[in-house]
Structure formats: structure tokens, C-alpha cells
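Numbering starts at 1 and runs along the sequence shown. One-based numbering, in listed order, for ligands and for the atoms of each.
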Amino acid sequence: MPSTEIDVDSLRNGDRRTLARAITLTESSRADDRLAAGRLLDDILPFSGDSIRLAVSGTPGVGKSTFIESFGLKAIERGHRLAVLSIDPTSARTGGSILGDKTRMPELSRSDAAFVRPSPSGGHLGGVGRRTREAILVCEAAGHDIVIVETVGVGQSETTASEMTDHFLLLLAPGGGDDLQGIKRGIMELADIVAVNKSDGELLDLANHTVADHRAALHLVRPKWPDLPTEVRAVSARTGSGIVELLDLILERDRILEDRGWKAEQRRRQAVAAFRSDVESGLVRRAFGSREANSRMERLEQAVADGEQSAASAAAAWLSKLD
Ligand code: GDP
């Protein structure tokens, strides 16, 4: 059996090594692995999809890993099987990983009912998005019925996460109520639920104010679903306060989306968008695949930079040589 062959039965029986190997296969960009991954994903398609896909987003230090650990353990107590995947936009400038390499979620990682996948490093965001989308399907086929996609609060990765999940949970720290403009407002529009973490001890008062501020501010943001307003809750990942209630809220909202047919509809849209995005990145890879195309690009870039040719005519000239 070639090393890329994945046994679907052992995957479905929850064999962790098979699950890890299947995800590694989807992360590979080698052409033969892409074909094998495509076959695997086709084979498991009938056994995937039966889950709640939840994006969890927040800036570094807000308490994402503490929260996911606490939330995940509560979900497991209720009989759920959890998977945690990460979109970690490796910093293009430093090459460093934002989520970091420290051991995160140690208890969850030890649980048989959870699968925590360290984030793939490197690659541009589009590639990371594709890999995570495929990993979701693989985890679902392995019987994980809550799949968390964790992401750092830095813009594009939020949008990527929201395009592959059913629900979007934004974690905030107490305070900072005055920066509800700009970037944060964009993220608020993606959120189904805003949870103010660290609502405990000395931070409790400030946290309650933050909850009130965001409830007020959300009136200015277009709700994602009609009749299903964005919820703002106070939680503490450290003490566990509000965590079970948050789990109940997500389960309830998931039931509502399902009953109204919105969950299926959103997933159909997401699958089609994923297909288009894969085709587009494949076309780009192919177009830039040859040395000749690249050197023509360099020559034209030079001409544009030197003001000898307009960007429009250089682009038209480059494109006209593609078959
Ligand atoms: P991440 O970078 O978003 O994954 O954040 P971490 O989960 O690593 O947490 C960052 C810091 O905040 C750590 O020192 C945690 O102990 C602390 N922290 C996380 N959740 C809570 C909470 O609910 N209350 C308090 N007081 N501290 C918390």
C-alpha cells in the first residue's frame, strides 16, 4: 500500500494515527498527494458533515487555549467528541508562529474524546484555509461532532475561519470598549456570539461593563441572521463560569439554524466557494509554473516600475501569452 493510502474504515473507527496521517496527507502540496487527498475526501464525503463547526477567534493573550480547554472538557463530559484545528497565519515578516509552539490545551490533548492538531506552519493564508477545510471533513468522518477552528484576531484569518464554519465565537478581554470601530467592527459583523473572557476576580466589574458596551454597540452592526441576534456573554475560562451556558447557547443556535435550513444552505455556499478558490489557486500555480512565464513577469515588472509601460498594458501583454 503506498504511504499515502488511508484506510477509511480505521479512520471511521476513530484510529488516531490514521486520522493524523489523513490530515498530513491533506496538508501536502505534492501533486500525487493532492490526487490521493482528493480521492480520500470523496470517499469520506458521505460520512462527514455531521458536526457543529465553530470558529473561535481572539487576539493573543485573550485566553483562547484556556477557553477551548475548559469548553472542550465540558463538551466531552456531555458525550461530545471534539476536534481542534488552528489557522495560524505565520507572520510573513518574522516567519514566527503567532499561536506559538508551547503545549496548548494539555488536558484536552490527553483526552481520548479530543483531537488537537497543532497548526501547520508556513504557506500563504489561502493554502492554510484549504488545509483546514479539508481537515474538518476528515475529523468529522472520524466521529468528531464538534470541530473548533481556532484563529488569531488579525483580520484575514477571521474571514477565512468564518467561511468554513457554522458559528463564529469572538473572545474579548475585559476593557477596550472604545475601539469598537475599524477592524474590530469588521470582526463583530462576523460574530454569532461575543464572549467576554476573564470575567472573574478583580476584572469582573470591568467585564460586565464590556458586556454592556458591546450589547449596545451591536445595535449598530447588521446581524448575521434575521431574528437571531448576536449574543454577548460574560465567561471565565479559568473558573468555568458561564462556559456550560455558552455550550448550551451554541447547541441551541445550531438547532435553530438546522431547523430553518440555514445551516445546510450556508454549507452549500461555503463548499462552492471552496471549489472556486481551489480552482483559482490552481490556475495561479499553473500560470506561474514555468520559468518562462516568471521571467516574462520579471521583465514586465521592471518596465512598469521604470514607468516605461502602464500596469494595464503590461498585464494584458502577460496574460495574452497564456494558453
Ligand atoms: P491565548 O494566547 O489566547 O491562547 O491565551 P491563553 O489561553 O494562553 O491565556 C493567556 C493568559 O490569560 C494566561 O495567563 C491565562 O492563564 C490567562 N487567562 C485565560 N483565561 C482566563 C480567565 O478566564 N480569567 C483570568 N483571570 N485569566 C485567564
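A 6.0 Å sphere centred on CD of Glu308 holds more than 12 heavy atoms belonging to other residues, nucleotides or ligands.
Among the atoms of Leu203, none of the N or O lies under 3.5 angstrom from an N or O of ligand 1. Any N or O atom pair closer than 3.5 Å counts here, and Gly63 shares at least one such pair with ligand 1. Residue contacts with ligand 1: Gly61 is placed with a nitrogen or oxygen under 3.5 Å of a nitrogen or oxygen of the ligand (distance criterion only). Where the criterion is an N or O separation shorter than 3.5 Å, residue side chain and backbone included, Thr66 meets it with respect to ligand 1. Ligand 1 has a nitrogen or oxygen under 3.5 angstrom from a nitrogen or oxygen of Lys198.
Listed by atom number, the atoms of ligand 1 under 4.0 Å from Val62 heavy atoms are 3 (O). Set against the non-hydrogen atoms of Asp200, the atoms of ligand 1 under 4.0 Å away are 22 (C), 23 (O), 24 (N), 25 (C), 26 (N). The Ala237 neighbourhood of ligand 1 comprises atoms 20 (N), 23 (O), with distances under 4.0 Å to a heavy atom of that residue. Per-residue contacts place Ser236 under 4.0 angstrom from the following atoms of ligand 1 (heavy atoms of the residue considered): 23 (O). Atoms of ligand 1 found under 4.0 Å from any heavy atom of Asn197, numbered from 1 in the order shown, are 20 (N), 21 (C), 23 (O).
In terms of modelled atom types and a separation under 3.5 Å, the side chain of Lys64 and the main chain of Gly58 share a donor-acceptor contact.
Results of the salt bridge (charged side-chain N to carboxylate O under 4.0 Å, His left out) test with Glu27 over Arg133, Arg117, Arg131 single out Arg117 as the only residue that passes. With Arg253 as reference, Asp192 is the one residue of Asp248, Asp192, Asp227 to meet the salt bridge (charged side-chain N to carboxylate O under 4.0 Å, His left out) rule. When each of Leu45, Leu25, Leu137, Leu35 is tested with Leu40 by the rule side chain to side chain contact (heavy atoms under 4.5 Å, CB included), just one qualifies, namely Leu25.
Below 30°, between 30° and 60°, or above 60°: for His144 and Phe115 the angle between ring planes is between 30° and 60°, a tilted geometry.
By the 4.0 Å heavy-atom criterion, Gly58 is excluded from the residues contacting ligand 1.
In summary, Glu252 and Arg255 engage in a salt bridge, as defined by a charged side-chain N under 4.0 Å from a carboxylate O. Comment: Glu280 does not engage Arg276 in a salt bridge, judged by the lack of any side-chain N to carboxylate O separation of less than 4.0 angstrom.
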